[in-house]
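Below is one structure; the comments refer to it alone.
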Amino acid sequence: MSTSDPSTPDLSHVAPREKAEILAQALPYIRQFHGKTIVIKYGGNAMTDPALQQDFAEDVVLLKLVGLNPVVVHGGGPQIDEALTRVGKKGQFIQGMRVTDEETMEVVEWVLAGQVQQDIVGLINAAGGKAVGLTGRDGGMIRARKLKMVDLNDPEKLHDVGQVGEIESIDPSVVKALQDDQFIPVISPIGFGKDNESYNINADLVAGKLAEVLRAEKLVLLTNIKGVLDKQGQLLTDLTARRIDELFADGTISGGMLPKIASALDAAKNGVHAVHIIDGRVPHAMLLEILTDQAYGTMIRSH
């Protein structure tokens, strides 16, 4: 690419020696992770800010070109809210979970499997990759059942949140076939039930479970926070599964971070070597986290 290309960052201010050191630092990581699968949960600001969208697409393509196998699982909460507003429907939540009646499920499907997924596929392809969009229906990938939501205050009480699903099983054969053919799978978190009904599934859960069944080297969760913080607000860059259990117990990890960390912890305990919770608001944070010594979030090690 010529330096006049507006999409190419101007690096003329970086000394040649520094450029060489940056490239050399990536080499051992490229060697270590060559041929390995990395599952990326794409959400938050990285998904709504045009400059960060571009960075994300370029990072995914670069990872593929240097021999890693990225698999993208995306969310789309803000886009679903926007679409529901357009059709005059107000989103309803119980304990932070979107109530998904039949009409809402239709909107969820056309937003996630249509608009959002095709935007991501288009961005990756424009950056020089070969992305393919999938839902959990494709290749019979994600079998699901209706989620039974237990009340936080009364364990005897169950809430009906409609067509929200929990994962019964994942068959990754369609993902593996695409990877072997140099494609980058982009997956919408929609599963199907025994009567062919659709289920909306939490994207963090799909990414975590998919990372497990693909025996991924890494699971990367892009979020709108720096990572896991201690009680003083300092970033914890390196955690073990045992240390996370302690942070749950003493209340350091609470609220909206609970489900995200829980799916990360499950993945780390079930064969994924490392889980990275990183700040998607930092340009190229994913690339820097995976291919350099610099920490741009929290890494949870399996042991």
Side-chain angles (χ1 to χ4, degrees), residues 39-50 52-54 56-57 60 71-124 131-138 141-149 159-167 170 185-193 196-210 220-225 255-260 262-263 277 280-281:
V39 176
I40 303 153
K41 155 61 195 329
Y42 179 44
N45 276 58
M47 204 172 166
T48 51
D49 176 313
L52 293 171
Q53 287 175 345
Q54 185 76 33
F56 172 80
V60 168
V71 176
V72 178
V73 177
H74 66 85
Q79 292 91 333
I80 293 168
D81 286 336
E82 199 179 295
L84 286 170
T85 304
R86 284 211 305 270
V87 299
K89 204 166 167 63
K90 185 154 173 54
Q92 188 193 345
F93 292 83
I94 296 175
Q95 294 179 183
M97 186 74 75
R98 183 188 301 280
V99 177
T100 309
D101 58 23
E102 205 171 317
E103 191 184 11
T104 302
M105 189 66 220
E106 277 181 32
V107 173
V108 167
E109 286 196 90
W110 61 254
V111 171
L112 291 184
Q115 172 200 340
V116 174
Q117 184 190 81
Q118 290 309 303
D119 281 352
I120 300 165
V121 165
L123 281 163
I124 293 172
V132 174
L134 300 168
T135 75
R137 287 184 172 282
D138 292 302
M141 185 176 18
I142 306 173
R143 292 184 181 273
R145 59 176 170 257
K146 187 179 172 73
L147 176 76
K148 293 182 168 67
M149 185 187 256
H159 294 285
D160 186 348
V161 284
Q163 287 175 254
V164 175
E166 55 185 5
I167 298 165
I170 291 187
V186 176
I187 299 163
S188 302
I190 295 166
F192 67 98
N196 198 30
E197 70 277 30
S198 293
Y199 286 109
N200 181 18
I201 307 173
N202 178 292
D204 292 318
L205 294 178
V206 171
K209 193 56 74 179
L210 191 62
V220 177
L221 302 170
L222 286 169
T223 64
N224 281 352
I225 55 165
M257 277 305 278
L258 279 169
K260 195 174 289 291
S263 67
I277 297 167
R281 299 167 300 182

Between the CD1 atom in I187 and the CD1 atom in I40, the distance rounded to the nearest 0.5 Å is 11.0 Å
For L221, is there any backbone N or O sitting under 3.5 Å from a side-chain donor or acceptor partner on T223? no
Do R137 and N196 touch side chain to side chain, with heavy atoms closer than 4.5 Å? yes
If every non-hydrogen atom of A207 is compared with every non-hydrogen atom of V39, which pair is closest and at what distance? O-CG1, 3.6 Å
Before you tell me yes or no, could you show the steps for R98 and D81 under side chain to side chain contact (heavy atoms under 4.5 Å, CB included), namely the whole-Å CA-CA distance, both residues' side-chain angles and the distance that decides it to 0.1 Å? CA-CA 10 Å; R98 183 188 301 280; D81 286 336; 2.9 Å; yes
Could you check Q163 against V108 for side chain to side chain contact (heavy atoms under 4.5 Å, CB included), going step by step and ending with a plain yes or no? CA-CA 10 Å; Q163 287 175 254; V108 167; over 6 Å; no
Indicate yes or no for a side-chain donor-acceptor contact from Q117 to the backbone of L134 under 3.5 Å, with no hydrogens or angles considered. yes
Does R281 use its side chain to pair, donor to acceptor, with the backbone of L52 at less than 3.5 Å? no
Using the test salt bridge (charged side-chain N to carboxylate O under 4.0 Å, His left out), find all partners of D160 that sit at least two apart in sequence or belong to another chain. K146
With side chains defined as the heavy atoms from C-beta onward, is the minimum distance between M47 and I120 less than 4.5 Å? yes
What distance separates L222 CG from H74 NE2, expressed to the nearest 0.5 Å? 13.5 Å
For a quick test of reading the model, state the closest non-hydrogen atom pair linking V107 to A83 and the distance between them. CG1-CB, 3.7 Å
Straight-line distance of L205 CG to L147 CG, nearest 0.5 Å: 9.0 Å
Can you see which heavy atom on I190 is nearest to which on A113, and at what distance? CD1-CB, 4.3 Å
On a heavy-atom basis, which atom in M149 and which in I94 lie closest, and how many Å separate them? CE-O, 3.6 Å
Can you tell if the side chain of V99 reaches within under 4.5 Å of the side chain of T104, non-hydrogen atoms only? no
Side-chain contact, heavy-atom cut-off 4.5 Å: K209 with I201? no
Residue pair D138 / G133: nearest heavy atoms and the distance that separates them: OD2-O, 4.4 Å
Can you tell me which residue pairs pass the salt bridge (Lys or Arg N to Asp or Glu O under 4.0 Å) test with a partner in residues 103-117, sequence neighbours excluded? K89-E103
Closest heavy-atom pair and its distance - L112, S188: O-OG, 3.2 Å
Measuring only between side-chain heavy atoms, which start at C-beta, is Q79 closer than 4.5 Å to D119? no
CZ/F192 to OG1/T135 distance, rounded to the nearest 0.5 angstrom? 9.0 Å
Determine whether V186 and Q118 satisfy the following criterion, side chain to side chain contact (heavy atoms under 4.5 Å, CB included), listing intermediate values before the conclusion. CA-CA 9 Å; V186 176; Q118 290 309 303; over 6 Å; no
Rounded to the nearest 0.5 Å, the CE atom of M141 sits from the CD1 atom of I170 at a distance of 7.5 Å
To the closest 0.5 Å, what do you measure between CZ (R145) and CD (E197)? 12.5 Å
State, yes or no, whether a side-chain contact exists between N200 and M105 at a heavy-atom distance under 4.5 Å. yes
Step through the shown structure and confirm whether more than 12 heavy atoms of other residues, nucleotides or ligands are within 6.0 Å of CZ on R143. no
Which residues pass the ring-ring contact (aromatic ring centres under 6.0 Å, His included) test with Y42, not counting sequence neighbours? F56
